[in-house]
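As structure tokens, the structure follows; a few thoughts come after it.
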Amino acid sequence: MARAFVGLGANLGDPVVQVTRALAALAELDDTRVVRTSSLYQTAPMGHADQPDYINAVVLLDTGLAPRALLDCLQGIERAAGRERSFRNAPRVLDLDLLLYGDRVIAAPGLVVPHPRMHERAFVLAPLLEIAPEAVVPGHGRAAELLRGAHDQVVRVLDHD
């Protein structure tokens, strides 16, 4: 079994519902167990700014799936939710990213781990640190140090009602 971290995000439709449904779908994956789930975070969009805020979270999985098989499952969950890939940083009904897979560094066509730019993004680092305070991003360092470098990005934990 490998420890894998998956980032979740949505800003179209009902983003809280989309992320919650995706978490349930992750719990149903073969040979995979949800270990921890972060709170939901509200964050401003990056890149293409003329779009609604995002709802983001990070989940820790124990999985027997190989990295490519896990990524294929994530993309299947996105497609089932209605994800369309129109342009980079476009609004989306659901985005699932394989952030970390153990301490592995993978650079293959269509699969890069650690996820590119995760080390620069507070919307990934804050929920990651909530569930894994000692997390390290291979090739970049401790997530806590990296988050300090993203201090200008506002992330807000959603209230639990």
Side-chain angles (χ1 to χ4, degrees), residues 1-13 15 18-19 21-38 41 43-52 54-129 131-132 134-143 145-147 149-150 153 155:
M1 297 294 273
R3 288 246 148 148
F5 289 90
V6 174
L8 301 92
N11 73 336
L12 293 179
Q18 293 290 38
V19 169
R21 285 181 181 158
L23 289 167
L26 289 169
E28 296 298 318
L29 292 179
D30 289 339
D31 204 16
T32 300
R33 181 176 67 88
V34 172
V35 178
R36 275 186 223 112
T37 302
S38 75
Y41 289 74
T43 63
M46 296 190 77
H48 180 68
D50 187 22
Q51 59 180 307
Y54 276 82
I55 299 301
N56 294 101
V58 170
V59 63
L60 169 59
L61 305 174
D62 277 342
T63 186
L65 297 172
R68 176 72 65 185
L70 179 56
L71 179 63
D72 290 346
C73 290
L74 299 181
Q75 291 174 342
I77 293 168
E78 288 177 341
R79 281 191 301 277
R83 167 82 188 260
E84 295 178 9
R85 296 176 185 271
S86 54
F87 60 90
R88 186 174 179 174
N89 296 323
R92 55 200 68 164
V93 69
L94 182 64
D95 186 30
L96 300 178
D97 292 323
L98 179 54
L99 302 172
L100 299 169
Y101 189 92
D103 59 358
R104 292 185 55 186
V105 175
I106 304 167
L111 176 62
V112 178
V113 177
H115 191 275
R117 297 170 308 282
M118 74 171 279
H119 62 283
E120 302 170 342
R121 295 182 168 170
F123 68 84
V124 172
L125 296 168
L128 173 65
L129 285 165
I131 62 173
E134 300 301 318
V136 173
V137 180
H140 297 283
R142 294 176 45 86
E145 296 291 327
L146 297 169
L147 182 58
Q153 300 170 34
V155 294

Which atom of Gly9 lies closest to which atom of Tyr54, heavy atoms considered: C-CD2, 4.4 Å

Contact summary for Val58 and Gly7, nearest pair of heavy atoms: CG2-CA, 4.3 Å

Point-to-point distance, once rounded to the nearest 0.5 Å, from CE of Met1 to CG of Leu65: 8.5 Å

Those residues that, when tested against Glu120, pass salt bridge (charged side-chain N to carboxylate O under 4.0 Å, His left out) (two or more places apart): none

Looking at Glu78 and Leu96, would you say the former's side chain and the latter's main chain have a donor-acceptor pair under 3.5 Å? yes

Under a 4.5 Å cut-off applied to non-hydrogen side-chain atoms, are Leu23 and Val59 in contact? yes

With Ser38 via side-chain hydrogen bond (donor to acceptor under 3.5 Å, both in side chains) - residues at least two apart: none

Could you walk me through whether Arg3 and Leu61 pass the side-chain contact (heavy atoms from CB on, under 4.5 Å) test, one step at a time? CA-CA 6 Å; Arg3 288 246 148 148; Leu61 305 174; over 6 Å; no

Set of residues satisfying salt bridge (charged side-chain N to carboxylate O under 4.0 Å, His left out) with respect to Arg21, sequence neighbours excluded: none

Among all residues two or more places apart in sequence or in another chain, which pass the side chain to side chain contact (heavy atoms under 4.5 Å, CB included) test with Ala4? Thr63, Leu70, Leu98, Tyr101

Would you please name every residue forming a side chain to side chain contact (heavy atoms under 4.5 Å, CB included) with Leu71, sequence neighbours left out? Arg68, Gln75, Leu111

Heavy-atom nearest pair, Pro52 first then Asn11, reads O-ND2, 2.9 Å

Residues two or more places apart in sequence or in another chain: which of them pass salt bridge (charged side-chain N to carboxylate O under 4.0 Å, His left out) with Glu134? Arg142

With a 4.5 Å limit on heavy-atom distance, are the side chains of Phe5 and Val124 in contact? no

Rounded distance (nearest 0.5 Å) linking atom CD1 of Ile77 with atom CG of Asp72: 11.5 Å

Taking salt bridge (charged side-chain N to carboxylate O under 4.0 Å, His left out) as the test, write out the residues that go with Asp103, two or more places apart. none

Once ring pair (Phe, Tyr, Trp, His ring centres under 6.0 Å) is applied, do any residues pair with His115, and if so which ones, sequence neighbours excluded? none

Partner residues of Pro114 under the side chain to side chain contact (heavy atoms under 4.5 Å, CB included) criterion, sequence neighbours left out: Leu100, Val105, Met118, Val137, Pro138

By side-chain hydrogen bond (donor to acceptor under 3.5 Å, both in side chains), Gln153 pairs with (sequence neighbours left out) none

Taken in chain and number order and not counting sequence neighbours, the residues that satisfy side-chain hydrogen bond (donor to acceptor under 3.5 Å, both in side chains) with Arg36 are none

Shortest non-hydrogen contact from Ile55 toward Pro15: CG1-CB, 3.5 Å

Partner residues of Ala135 under the side chain to side chain contact (heavy atoms under 4.5 Å, CB included) criterion, sequence neighbours left out: Leu128, Ala132, Ala143

